[in-house]
Participant: 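Dumping the structure here so I can ask a few things about it.
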Amino acid sequence: MKGQGGLISMERQQAYPFLKTIKRMLDNVTEQNPKLYLYFITYTLAETVYPFFSILLPKLLIMEMTLGEKARLESIFFIVLGYFIGSSITGFIKSYIIQTTYMKKCYLRMSFLRDIFSKLANMDYKYVEDPKFLDENGKALESCESNNNGVEGVYHKLFSVPAVILTVLILSIWIGSVSILILLGLLIKLATSMWLKRKVNFYEYNMKGDIQKQERKKRYYYETSYDFGYGKDIRIYNLKDRVLANYKEEINKFIYLKKLIANKEFVLGFFGLLSILVSDCLLYGILALKVVNGMSIADFSMYLALIQQLAFSLNMLGEDLSFIYREAAYVYDLFVFLDKDLGDKGGSEKAIKDDTLEIEFRNVSFKYPRTDKYIFKNLNLKIPKGQKLAIVGVNGAGKSTLVKLMTGLYKVDEGQILINGIPIDRFDKRELYSMFSVVFQDVNILAYTVEENVACKSSDIDREKVWSVLDKVGLGDKIRGFKKGLCQILLKIIDENGVELSGGENQKIAIARALYKDAALVILDEPTAALDPLAEAEIYEHFNTLVGGKTAIYISHRMSSSVFCDRILVIESGTVADFDTHKNLMEKKDSLYYKLFNSQAVNYQLN
């Protein structure tokens, strides 16, 4: 019963609206490049005509040569010449169209790839940190990664398969007029082949989650092995053998899954071999019998070529249709992913312009996806416009989570967050993100120029503004020292002449990026962790100047940063332990803030 249940599950998983999927793909052609239909019609005609030159040539030559003394050399010459001219012209048209349309079909794939990137960039952040999301949607995302599979693979086959179908129809009618049994034998072979391929496809599709999960693990160890960033740790802590052992283990697990599919295909292949033997015996036996009963050698050669071409075309048709059905299943997964509500659309409210922000948490409760532990429970907090707020607490208290909630990266489970009195879920996602300038703990520098890293765009960059913010964070002189200045590429992964900045300099680039954006609210999450004390003091000293009159939120383990802020929010175990000024909090000798501040002060004094 368990085996039967698995088979039923497999059948249900593979079932999908095939025709609707193909229609949506063709709608994309109509929208992106309708001229492809003209190329398609021309190619189909050329491809359909092309094999008939090879079918007719033997018969015409044999007919002429069997005339004996009446055979004419010029007739043979013109037969061969006609064959070469006809096949060359149609062959050239085929090749030209294939080469011309290849990149056009590639562009169709890229249009879906653009939609994927847009979806990933705007979906709720909770999916980014959820490994199961990749297991469930990995194959859908990979459907646009290859020229020969997925979306583009299906487009290539859809372009060529109608010509094969047309050829098969013409040849089937022709051979059927000679012997319906020959045609029946070929069709049985085709049906058996497609049935076997479909069974293998069912099995492989049913295993897509396990394969995707194993590919993700394997890729992690591959990237760890080749990423120079791990080089120091691997050497100092002698991790090489451990990493390689794990990599080998994941590779073996991946190979095991592939072997399961290969073994399934191998076993079913015996049925395919049996059908081929029966079909070929039937085909050539009937044809030999026709010769015995008076069929001419010329006709025999023609029908032999015709049967071989039909068998080849039927086999190609079976493989192409199986390929389309199999790969279109992943394309359908892609469409399901693109149509999913992953929180990427948000509401319709526009960003608040020409004003800073007031943030209010009303009875907010939140726990991370697929967990039961609440990070916040019935949290109430109000940050007035223009306030400079420091958020402090021990590790794991929920400081960074609070930032993710107020910026809309995560949705609350209960309660609501208001921005200037407007519920956060009413804002359009892009409009919402445009209101925040955030420097996160993990600084991401891109392999772009300095100005592109600061402005986060490649055109319409205000260079004066770039220089201004670089000077404010103390990085202007460093950049002026580069031969290419703002046009200097950072990192060496793309350009061998790229510049690798220090950790502290990268952090300054991130702060400059936030200042350049000039959003309504500024959030600095551990922005000085990689800075030396002098650079940190400079940032603190100019903190109010950097953010102006905007609402600003500052998160840091270095308690000295809180002195520069209007109020301090102390978070302990997901609740507001204190919310007051530095002066008032220091008067509470038993408070968490007092203990944290003095513990660091003592260390500085000892040093």
Side-chain angles (χ1 to χ4, degrees), residues 121-122 124-125 344 346-361 381-391 399-410 417-446 448 451-473 475 507-528 539 542-556 564-566:
N122 293 291
D124 278 349
Y125 191 73
D344 52 308
S348 58
E349 195 77 29
K350 298 296 183 182
I352 296 169
K353 303 290 186 183
D354 303 321
D355 194 8
T356 191
L357 305 183
E358 174 190 84
I359 306 293
E360 182 179 1
F361 285 69
L381 171 67
K382 189 171 185 178
I383 306 171
K385 291 183 182 181
Q387 187 173 83
K388 309 298 184 290
L389 174 70
I391 302 178
K399 302 185 296 296
S400 295
T401 302
L402 196 68
V403 170
K404 292 175 183 177
L405 289 173
M406 72 174 63
T407 55
L409 293 177
Y410 277 100
I417 299 173
L418 305 175
I419 300 178
N420 288 15
I422 303 171
I424 194 171
D425 54 6
R426 281 173 49 184
F427 286 95
D428 174 86
K429 272 297 176 68
R430 290 192 177 185
E431 296 288 328
L432 175 65
Y433 296 151
S434 72
M435 295 189 290
F436 298 97
S437 288
V438 187
V439 180
F440 291 105
Q441 294 182 37
D442 300 322
V443 175
N444 290 308
I445 300 299
L446 304 172
Y448 297 155
E451 62 181 5
E452 288 171 339
N453 265 281
V454 173
C456 292
K457 55 183 179 179
S458 58
S459 60
D460 299 325
I461 297 175
D462 186 340
R463 286 197 157 197
E464 289 186 9
K465 189 175 181 180
V466 172
W467 281 120
S468 175
V469 296
L470 287 173
D471 286 331
K472 285 179 180 179
V473 299
L475 204 56
Q507 212 149 26
K508 288 182 178 181
I509 288 284
I511 296 173
R513 182 185 292 164
L515 295 177
Y516 182 93
K517 186 178 179 182
D518 197 23
L521 189 148
V522 179
I523 301 174
L524 306 178
D525 188 356
E526 296 286 356
T528 61
I539 293 292
H542 298 97
F543 180 60
N544 288 337
T545 304
L546 292 176
V547 300
K550 299 173 183 175
T551 307
I553 297 170
Y554 201 98
I555 301 174
S556 178
F564 297 88
C565 297
D566 301 325

Participant: To the nearest 0.5 angstrom, please state how far the CD1 atom of I417 sits from the CZ atom of F427.
Facilitator: 12.0 Å
Participant: Does T401 have any side chain to side chain donor-acceptor pair (under 3.5 Å) partners at least two apart in sequence or in another chain, and if so, which?
Facilitator: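 Expected list: Y368.
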Participant: Could you please spell out the steps behind the side-chain contact (heavy atoms from CB on, under 4.5 Å) verdict for L475 and V469?
Facilitator: CA-CA 9 Å; L475 204 56; V469 296; over 6 Å; no
Participant: Could you tell me whether the side chain of K508 reaches within less than 4.5 Å of the side chain of V443, counting heavy atoms only?
Facilitator: no
Participant: I need the minimum non-hydrogen distance between I419 and M406, along with the two atoms involved.
Facilitator: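 So the two residues come closest at CD1-O, 4.4 Å.
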Participant: Can you list everything that forms a side chain to side chain donor-acceptor pair (under 3.5 Å) with D355? Sequence neighbours excluded, please.
Facilitator: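 Checked D355 against side chain to side chain donor-acceptor pair (under 3.5 Å); matches are K385.
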Participant: Can you name the residues that form a salt bridge (charged side-chain N to carboxylate O under 4.0 Å, His left out) with K550, not counting sequence neighbours?
Facilitator: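 Listed in chain order: D518.
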Participant: Nearest 0.5 Å, please: how far is NZ in K388 from CG in L524?
Facilitator: 11.0 Å
Participant: Can you list everything that forms a salt bridge (charged side-chain N to carboxylate O under 4.0 Å, His left out) with D425? Sequence neighbours excluded, please.
Facilitator: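 By the salt bridge (charged side-chain N to carboxylate O under 4.0 Å, His left out) rule, D425 matches no residue at all.
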Participant: Between V438 and A514, which heavy-atom pair has the shortest distance, and what is it?
Facilitator: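 In this case the closest contact between V438 and A514 is N-CB, 4.4 Å.
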Participant: Hey, are the side chains of C456 and R513 touching, using non-hydrogen atoms and a 4.5 Å cut-off?
Facilitator: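 Answer yes - side chains close enough.
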Participant: Taking C-beta and beyond as the side chain, do L402 and I553 meet within less than 4.5 Å on heavy atoms?
Facilitator: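 When only atoms from C-beta onward are counted, I553 and L402 do not touch, as no gap falls below 4.5 Å.
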Participant: Taking all heavy atoms of C565 and all of A390, pick out the closest pair and write down the distance.
Facilitator: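 Minimum heavy-atom separation between C565 and A390: SG-CB, 3.7 Å.
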Participant: Does anything in residues 457-468 form a side-chain hydrogen bond (donor to acceptor under 3.5 Å, both in side chains)? List the pairs, not counting sequence neighbours.
Facilitator: E451-R463
Participant: Got a sec, which residues hit side chain to side chain contact (heavy atoms under 4.5 Å, CB included) with Y448, two or more places apart in sequence or on another chain?
Facilitator: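 Testing Y448 for side chain to side chain contact (heavy atoms under 4.5 Å, CB included), a comparison that skips the adjacent residues, returns L446, E452, N453.
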Participant: Taking all non-hydrogen atoms of both residues into account, name the closest pair between S437 and K517 and its distance.
Facilitator: OG-CB, 3.4 Å
Participant: Quick check for you: to the nearest 0.5 Å, what is the distance between I555 atom CD1 and F440 atom CZ?
Facilitator: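 Going from the CD1 atom of I555 to the CZ atom of F440 covers 9.5 Å.
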Participant: What residues form a side chain to side chain donor-acceptor pair (under 3.5 Å) with T551, not counting sequence neighbours?
Facilitator: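 Partners of T551 under the side chain to side chain donor-acceptor pair (under 3.5 Å) test: T356.
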Participant: Would a 4.5 Å heavy-atom cut-off, applied to side chains only, mark S348 and D428 as touching?
Facilitator: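 A side-chain contact under 4.5 Å is absent here.
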Participant: If the condition is salt bridge (charged side-chain N to carboxylate O under 4.0 Å, His left out), which residues does K399 pass it with, not counting sequence neighbours?
Facilitator: none
Participant: Just to verify, what does A520 make a side chain to side chain contact (heavy atoms under 4.5 Å, CB included) with, not counting sequence neighbours?
Facilitator: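 For A520 the side chain to side chain contact (heavy atoms under 4.5 Å, CB included) partners, ignoring immediate neighbours, are L357.
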Participant: For the OH atom of Y554 and the CG atom of D525, what is their distance to the nearest 0.5 Å?
Facilitator: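 With rounding to 0.5 Å, OH (Y554) is 10.5 Å from CG (D525).
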Participant: Let me confirm one number: the CG-OH distance from L470 to Y516, rounded to the nearest 0.5 Å.
Facilitator: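 Nearest 0.5 Å value for the CG-OH distance: 11.0 Å.
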Participant: For K350, enumerate each residue passing the side chain to side chain contact (heavy atoms under 4.5 Å, CB included) test, keeping only those at least two apart in sequence or located in another chain.
Facilitator: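 Side chain to side chain contact (heavy atoms under 4.5 Å, CB included) list for K350, sorted by chain: E431.
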Participant: On a heavy-atom basis, which atom in T407 and which in Y433 lie closest, and how many Å separate them?
Facilitator: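 Here T407 and Y433 meet closest at O-CE2, 3.5 Å.
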Participant: Looking only at non-hydrogen atoms, find the nearest pair between N420 and E358 and report the distance.
Facilitator: OD1-N, 2.6 Å
Participant: Mind checking what makes side chain to side chain contact (heavy atoms under 4.5 Å, CB included) contact with Q387, not counting sequence neighbours?
Facilitator: I383, P384, L389, D566, R567, F579
Participant: Can you list everything that forms a salt bridge (charged side-chain N to carboxylate O under 4.0 Å, His left out) with E349? Sequence neighbours excluded, please.
Facilitator: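 E349: salt bridge (charged side-chain N to carboxylate O under 4.0 Å, His left out) contacts with R426.
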